[in-house]
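Have a look at the structure below, then the notes.
All heavy atoms count here, side chains included; hydrogens, waters and symmetry mates do not.
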Amino acid sequence: MPALITLTLNPALDLATTIERVEPTHKLRCGPAQRFAGGGGINVARVLHRLGSDVQAWALVGGASGAQVRQLLADEGVAADIRPIAGDTRENFSVVETATGQEFRFVLPGPTLQTAEWQACLDALATVTVAPRWLIASGSLPPGVPDDFYARLAPGARARGTRLVVDTSGLPLAAALQAGTTLVKPSLRELREVLRQPLEHPADQCAAAQALVHSGQTEMVALSLGAQGAVLATRDGVWQAPALDVSAASGTTGAGDCFLAALVWSLDRGAPPPDALRWGMAAGAAALLVPGTALARATDVHRLQSQVIVRASPV
């Protein structure tokens, strides 16, 4: 079995294109479309594969779009455990407006899963022959899946010595935290929603991230701050890294997934938290250099990591 498994219950066929300007009513003549296998865990697996990790992407897919996701993963050489569902895998659409550099992202909800479909996936993960070192559950939950699905992964992961990473939002994130995780990666908006706190100042954000650690709900919090950078909190300290000065002219889609992939890749190699944050920031910046969810290239990640500045927070 692979050392790392990513899990995507709501994968997508991601389409990306460009247009000079988005306007209402008129037909909008777009540039050529690019297609990528997408969804949080799939994106993470693609980047982990590029960085040389022994990773396998688990995903539930269906229909013609699901078949394209399967083929696109195979084309990249990403090992996958693809589990069929009755519904059609969703399609997401992103458009970069070249006149302004703004990105417009249209994200569909995904098919409704039957209980037997998501339960079979849960059972299979609990009984893999050799437990992975890391299980990275990333992305939204499609209709039909209970909010505590990611939380249900926690007891089995803990019992088998697997480190559980959860990257989601809302009630699924809150439930996962209650169950206990190794690492969560909320955005600032997602953390505000879960904690019901404004978190307007950097000091408050750092304190809130470390408070989650001290509460025992998770061992690490990687807090994504978008253009302001990121924070990594552990029991031993809190570190901050400003974002690199990289143009986002090609859009920001997938940057958070790239950040998470490189962060876990570094931690899996035994790096201390500040170094892991440095690699994560480099991968997030590298994602901005390519369109759509083409995702970070390993050469760019290695080139940019030396430029990342990481500082310890006084919290």
Side-chain angles (χ1 to χ4, degrees), residues 40 44 102-103 105 107 136-141 147-148 150-151 154 164-246 248 252-264 266-267 272-285 287-288 308-315:
V44 171
Q102 294 185 100
E103 182 182 27
R105 301 169 62 182
V107 179
I136 305 160
S138 180
S140 61
L141 295 177
D147 289 332
D148 68 345
Y150 290 146
L164 176 62
V165 180
V166 175
D167 182 8
T168 191
S169 61
L171 292 175
L173 174 59
L177 284 167
Q178 288 297 316
T181 63
T182 299
L183 169 66
V184 293
K185 190 204 75 64
S187 67
L188 180 56
R189 176 184 58 80
E190 291 163 350
L191 187 62
R192 284 169 170 161
E193 289 177 353
V194 167
L195 298 182
R196 299 180 183 179
Q197 298 176 20
L199 304 179
E200 295 179 356
H201 305 293
D204 297 333
Q205 297 158 12
C206 291
Q210 196 171 43
L212 279 178
V213 175
H214 287 319
S215 72
Q217 298 180 77
T218 187
E219 296 177 23
M220 289 178 277
V221 176
L223 175 60
S224 173
L225 302 173
Q228 303 306 310
V231 168
L232 182 61
T234 74
R235 190 167 294 279
D236 296 326
V238 180
W239 295 268
Q240 299 170 280
L244 292 178
D245 186 13
V246 175
T252 62
T253 304
D257 298 326
C258 294
F259 169 87
L260 179 60
L263 181 76
V264 172
S266 184
L267 291 170
D275 288 348
L277 178 58
R278 183 174 292 108
W279 282 103
M281 292 299 299
L288 306 183
V308 178
I309 298 171
V310 176
R311 297 188 179 93
S313 169
V315 174

Using only atom types and a distance under 3.5 Å, with no angle test, would you say the side chain of Thr168 pairs donor to acceptor with the backbone of Gly139?
yes
Main-chain N/O of Val165 paired with Thr182 side-chain donor or acceptor, under 3.5 Å:
no
Give the minimum heavy-atom separation between [X] and [Y], together with the two atoms involved.
X: Cys258; Y: Ala287; answer: SG-CB, 3.7 Å
X: Asp257; Y: Ser138; answer: OD1-OG, 4.1 Å
X: Ala208; Y: Leu195; answer: CB-CD1, 3.7 Å
X: Ala222; Y: Phe259; answer: CB-CE2, 3.9 Å

From [X] atom [atom1] to [Y] atom [atom2], the distance as rounded to the nearest 0.5 Å:
X: Leu212; Y: Glu219; atom1: CG; atom2: CD; result: 13.0 Å
X: Asp275; Y: Leu267; atom1: CG; atom2: CG; result: 10.0 Å
X: Ser187; Y: Leu223; atom1: OG; atom2: CG; result: 8.0 Å
X: Leu277; Y: Leu232; atom1: CG; atom2: CG; result: 5.5 Å

Residue pairs, two or more places apart or on separate chains, that pass salt bridge (Lys or Arg N to Asp or Glu O under 4.0 Å) and touch residues 164-177:
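Of all non-adjacent pairs touching residues 164-177, those that pass salt bridge (Lys or Arg N to Asp or Glu O under 4.0 Å) are Asp167-Lys185.
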side-chain hydrogen bond (donor to acceptor under 3.5 Å, both in side chains) filter on Thr218, not counting sequence neighbours, yields Thr181
Test side-chain hydrogen bond (donor to acceptor under 3.5 Å, both in side chains) applied to Arg189 - qualifying residues, sequence neighbours left out:
Glu193
Test item: Val194 and Pro186 side chains (from C-beta on) under 4.5 Å apart, heavy atoms
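When only atoms from C-beta onward are counted, Pro186 and Val194 do not touch, as no gap falls below 4.5 Å.
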Please walk me through it: do Leu183 and Leu263 pass side-chain contact (heavy atoms from CB on, under 4.5 Å)?
CA-CA 10 Å; Leu183 169 66; Leu263 181 76; 3.9 Å; yes
For residues 235-246, dump all side-chain donor-acceptor pairs below 3.5 Å to protein atoms at least two apart in sequence or in another chain.
residue : atom : partner : partner atom : Å
Arg235  : NH2  : Val213  : O            : 3.1

Mind jotting down which residue pairs meet the side-chain hydrogen bond (donor to acceptor under 3.5 Å, both in side chains) criterion with at least one end in residues 198-213? Sequence neighbours excluded, please.
none
Might you confirm whether atom CD of Gln228 has over 12 heavy atoms from other residues, nucleotides or ligands at distances under 6.0 Å?
no
Go through the structure and list residues passing side-chain contact (heavy atoms from CB on, under 4.5 Å) with Ser266, not counting sequence neighbours.
Ala271, Ala276, Trp279
